[in-house]
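Right, one structure below, let's go through it.
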Amino acid sequence: MNVPTSASAGTSPRADTSCATTGSVDFGVDLAGAGWKFSTGDDPAWSDPSFADTTWRDWSVPDNWGAQADLSSYDGFAWYRKTFTLPERPAGITDAAVVAALGKIDDADQAFLNGQEIGHTGGFPPNFDSTWEVPREYYPADGLLRWGATNVLAVRVYDGTGGGGFYQGPIGLFSKARLRALSGATGTAATRAQLAHACAVLNQQHRAVATGDLRGYAATLAPGFFHQGDTADRRLADLRELRKAGKVTLTDTQAEVFVDAQGRLVVDTIRTWTGSPATRELLYLDPRKDLELGDHARFFRDDYVSAAMGRRTQFNVYLPKGYTRTSAKRFPVVYMLNGFNGSNIEWEARDIGTVLDKLVTANGLEESIVVFPDGGSGWYVDTSAGNYRTMIVDEIVPLVDRSYRTIADRDHRGISGVSMGGQGAFTLGLKNPAVFSSIASHMGALSLPPLVGTATEQAANAGLRPLTLVAGMTAAQLNEHRYYLDGGDSDDYRFGVAAQQMSTALAAKGVRHDYQLGAGRHDDAYWMPKLDRSFGLHTEQFRAHPVKQPREPKPVKTPYLWP
């Protein structure tokens, strides 16, 4: 249901509870494990619940094509089908309140429930788009589920490179209450008075946005508000920009309210702003005042409308603990670039926020903001496949400096990358010395030029091969940066050899650098344990250029603890 913009006729706004419920029933049908059917190939008829799949292979999910002898080198289409029986409809459950959670799928998928598409993620050929790292959550329409009867879930999957299949759960049909329990976001059901309190805040926000009353919207944000990277000032600035393009809308659907362990009201909602996709969010509200507190997250997705890419573009941001415990202190920034067929979201799968917290604590590294752009498979250059260089250097770097408390100079700005991202760290760093001062490459493609775009574009960018760039630069030019690089001795693409060659080239010109060749292949198990070395390099650079920090104002008092 959509959250109404005002109380129902004849109802006091303070008694209106129509915007949400006190929480869904704890319900779930786990579809992981055996009982699936599987076939390679592609046929639209396979989505039909009446299709006879008895000759297909018996299968279990999660799975990994790479572990199957006949699928280890297979790239292409495949279908999964699961026939299952739902129990009788539990009291209080509607179809729209059930989430079809399909975990993570390598690379793209299209899901059908009882013959009707319920969602898709990624892109199929000829517009292939790998989204292996994105959790799938789809929302069946009311009337689609067959309670007390047989249902059929059919999932069309395309794998473009490596791996393949459902590689991580949860997989099943769940209420949001069950999904919250699975993620650890638990609490108690809100009372009717607490529900009315939450609805008063949401309804005020909706009315203010609908009427263009920015002051009224601002009045719903608490002092110290911080949500997914937005301060109150930034949120209002974004709203002003949206208003220039026309009417602004804000909607919430399937909203549920519960009370967390600290007494905060938490609204689990599907929130949609004008021009942005619907996103499931947890909104934290003050139980005593009509104010939204924000989630005070330290690892989250940010986005903006990119002129370079011609679309809304995402990037992830990690903030160190010290960022949320201060309000004036400024921090250095490291830009971290993904590998081929990756994106900003792949860092969520690695739980990189927790990894970075531990690195700072255990290794004494400098607290830094870390930004993860969505590099796709664009090799960090400007081509017909996307203007990735311009997006990062000319758009994201200035945006981050405007939006976050950064030390906005090249001495406090480093760049790291993995595989294709390691190649990009060298090319972006070396070609933009006024922007980046330290460069780190984990098992980087240092021997390759950018392999993207038309044949003409690839020829034009052939000189952006890191080994070629270094060969053509003087020692003085190279010494404008600090360097870290590594590679495995059994790297599947021989990037360990490329790292050795780069180390030799730098040493020949008397350029100081940190290099290590170790046992390992081209995978996370090789490079992730070496993050202490790459971030150690950035730390050395940042601490070699101390800055005077602004004076901290008195902190805003709050009874709540944030991560």
Next on the checklist: List the residues meeting ring-ring contact (aromatic ring centres under 6.0 Å, His included) with F300, not counting sequence neighbours, and say none if there are none.
Outcome noted: none
Checklist entry - Would you say the side chain of T454 lies within less than 4.5 Å of the side chain of T383, judging by non-hydrogen atoms? => result no
Checklist entry - Taking everything shown except R234 itself, do over 12 heavy atoms lie less than 6.0 Å from its CZ? => result yes
Checklist entry - Would you say the side-chain atoms of T279 pair up with the backbone N or O of I270, donor to acceptor, closer than 3.5 Å? => result no
Checklist entry - Looking at CG of L446 and OG1 of T468, how far apart are the two atoms once the value is rounded to the nearest 0.5 Å? => result 11.0 Å
Item to check | For A101 against F174, the heavy-atom pair lying closest together | outcome: CB-CD1, 3.9 Å
Checklist outcome for this item: When rounded to the nearest 0.5 Å, the distance separating CG of D109 from CG of D159 is 12.0 Å
Next on the checklist: Measuring only between side-chain heavy atoms, which start at C-beta, is H227 closer than 4.5 Å to L221?
Outcome noted: no
Item to check | 4.5 Å side-chain heavy-atom contact, F315 and V400 | outcome: yes
Checklist entry - Taking the side chain from E395 and the backbone from S306, do they hold a donor-acceptor pair closer than 3.5 Å? => result no
Checklist entry - Going through the checks in order, is the side chain to side chain contact (heavy atoms under 4.5 Å, CB included) test met by N64 and Y167? => result CA-CA 6 Å; N64 178 5; Y167 69 91; 5.6 Å; no
Next on the checklist: Looking at A297, is its backbone amide N or carbonyl O close enough to the side chain of D295 to form a donor-acceptor pair, meaning the two atoms are under 3.5 Å apart?
Outcome noted: yes
Checklist entry - Are any side-chain N or O atoms of T361 and backbone N or O atoms of K358, one a donor and one an acceptor, separated by less than 3.5 Å? => result no
Checklist entry - Is there a side-chain contact between F226 and L319 (heavy atoms, below 4.5 Å)? => result yes
Item to check | Expected output: side-chain N316 to main-chain V371 donor-acceptor under 3.5 Å | outcome: no
Checklist entry - Do E292 and V267 pass the side chain to side chain contact (heavy atoms under 4.5 Å, CB included) test, and can you show the C-alpha distance, the side-chain angles, and the key distance before you say yes or no? => result CA-CA 10 Å; E292 182 184 350; V267 184; over 6 Å; no
Next on the checklist: Are there over 12 heavy-atom neighbours, none belonging to R350, within less than 6.0 Å of that residue's CZ?
Outcome noted: yes
Item to check | pair Y560-Y284: side-chain heavy atoms closer than 4.5 Å | outcome: no
Checklist entry - Between the side chains of Q501 and S447, does any donor sit under 3.5 Å from an acceptor? => result no
Next on the checklist: Please tell me whether D401 and T406 have a donor and an acceptor in their side chains that are separated by less than 3.5 angstrom.
Outcome noted: yes
Checklist entry - Between the side chains of D238 and Y304, does any donor sit under 3.5 Å from an acceptor? => result no
Checklist entry - Is the shortest distance from a Lys or Arg side-chain nitrogen in D486 or R533 to a carboxylate oxygen in the other one below 4.0 Å? => result no
Item to check | Ring-face cation of R298 near Y323 (centre distance under 6.0 Å, axis angle within 45°) | outcome: no
Next on the checklist: Under a 4.0 Å threshold between the charged nitrogen and the carboxylate oxygen, would R389 count as salt-bridged to D382?
Outcome noted: no
Checklist entry - Of all heavy-atom pairs between V355 and M528, which one has the smallest distance, and what is that distance? => result CG2-CE, 4.1 Å
Next on the checklist: When you compare the side chain of L337 with that of L428, does any pair of heavy atoms fall below 4.5 Å?
Outcome noted: yes
Item to check | Distance, nearest 0.5 Å, that separates CG of N387 from CG of D394 | outcome: 10.0 Å
Next on the checklist: Looking at every heavy atom in both A232 and F225, which two are closest together, and how far apart are they?
Outcome noted: N-CD2, 3.7 Å
Checklist entry - For P433, does its backbone N or O pair with a side-chain atom of R410 as donor and acceptor, under 3.5 Å? => result yes
Checklist entry - Roughly how far, to the nearest 0.5 Å, is the CG atom of D106 from the CD atom of E133? => result 9.5 Å
Checklist entry - What is the ring orientation for H481 with Y483, classed by angle as parallel under 30°, tilted 30 to 60°, or perpendicular over 60°? => result tilted
Item to check | Donor-acceptor contact below 3.5 Å, side chain Y526 vs main chain G487 | outcome: yes
Return a table of donor-acceptor pairs under 3.5 angstrom between the side chains of residues 120-129 and protein atoms on other chains or two or more places apart.
{"residue": "H120", "atom": "ND1", "partner": "E117", "partner atom": "OE2", "Å": "2.8"}
{"residue": "T121", "atom": "OG1", "partner": "Y138", "partner atom": "OH", "Å": "2.6"}

Next on the checklist: Does either side chain, that of D252 or that of T269, offer a donor lying less than 3.5 Å from an acceptor on the other one?
Outcome noted: yes
Checklist entry - Donor-acceptor pair, T504 side chain versus Q500 backbone, under 3.5 Å? => result yes
Checklist entry - Can you list the steps and then say if R280 with V99 is a side chain to side chain contact (heavy atoms under 4.5 Å, CB included)? => result CA-CA 11 Å; R280 184 176 169 215; V99 181; 5.9 Å; no
Checklist entry - Can you check side chain to side chain contact (heavy atoms under 4.5 Å, CB included) on Y404 and D302, steps first, answer last? => result CA-CA 11 Å; Y404 300 95; D302 202 339; 2.6 Å; yes
Item to check | Check: K530 side chain, Q516 main-chain N or O, donor-acceptor pair, under 3.5 Å | outcome: no
Item to check | More than 12 heavy atoms from other groups under 6.0 Å of NZ on K509 | outcome: yes
Next on the checklist: Once rounded to the nearest 0.5 Å, what's the spacing between atom CG of N341 and atom CD of E346?
Outcome noted: 10.0 Å
Checklist entry - Can you name the nearest heavy-atom pair linking M309 to M391, along with the distance? => result CG-SD, 3.6 Å
Checklist entry - How are the rings of F495 and H522 set to each other: parallel, tilted or perpendicular (split at 30° and 60°)? => result perpendicular
Item to check | Option among W132, Y74, F77 that satisfies the ring pair (Phe, Tyr, Trp, His ring centres under 6.0 Å) test with Y158 | outcome: F77
Checklist entry - How close do E366 and P332 get, heavy atom to heavy atom, and via which atoms? => result CG-CG, 4.0 Å
Item to check | Distance, nearest 0.5 Å, that separates CD of Q423 from CG of L448 | outcome: 7.0 Å
Checklist entry - Hey, what's the ring geometry for H545 with H412, parallel, tilted or perpendicular (30° and 60° as the breaks)? => result perpendicular
Checklist entry - Below 4.5 Å, heavy atoms only, C-beta onward: do L464 and Y380 meet side chain to side chain? => result no
Checklist entry - With a 4.5 Å heavy-atom cut-off, do P62 and I171 have their side chains touching? => result yes
Checklist entry - Under a 4.0 Å N-O cut-off, is there an ion pair linking E540 with R512? => result yes
Next on the checklist: Could you tell me if S416 and H538 have a donor-acceptor pair between their side chains, going purely by distance under 3.5 Å?
Outcome noted: yes
Item to check | Short side-chain to backbone donor-acceptor contact, Q314 and D303, under 3.5 Å | outcome: no
Checklist entry - Of all heavy-atom pairs between V435 and R413, which one has the smallest distance, and what is that distance? => result O-NH1, 2.8 Å
Next on the checklist: Taking atom OH as the centre, does Y493 end up with more than 12 heavy-atom neighbours from other residues, nucleotides or ligands that are less than 6.0 angstrom away?
Outcome noted: no
Checklist entry - Between F299 and F372, what is the ring plane arrangement, given parallel below 30°, perpendicular above 60°, and tilted in between? => result perpendicular
Next on the checklist: Looking only at the side chains, is there a donor atom on one of R405 and T326 sitting less than 3.5 Å from an acceptor on the other?
Outcome noted: yes
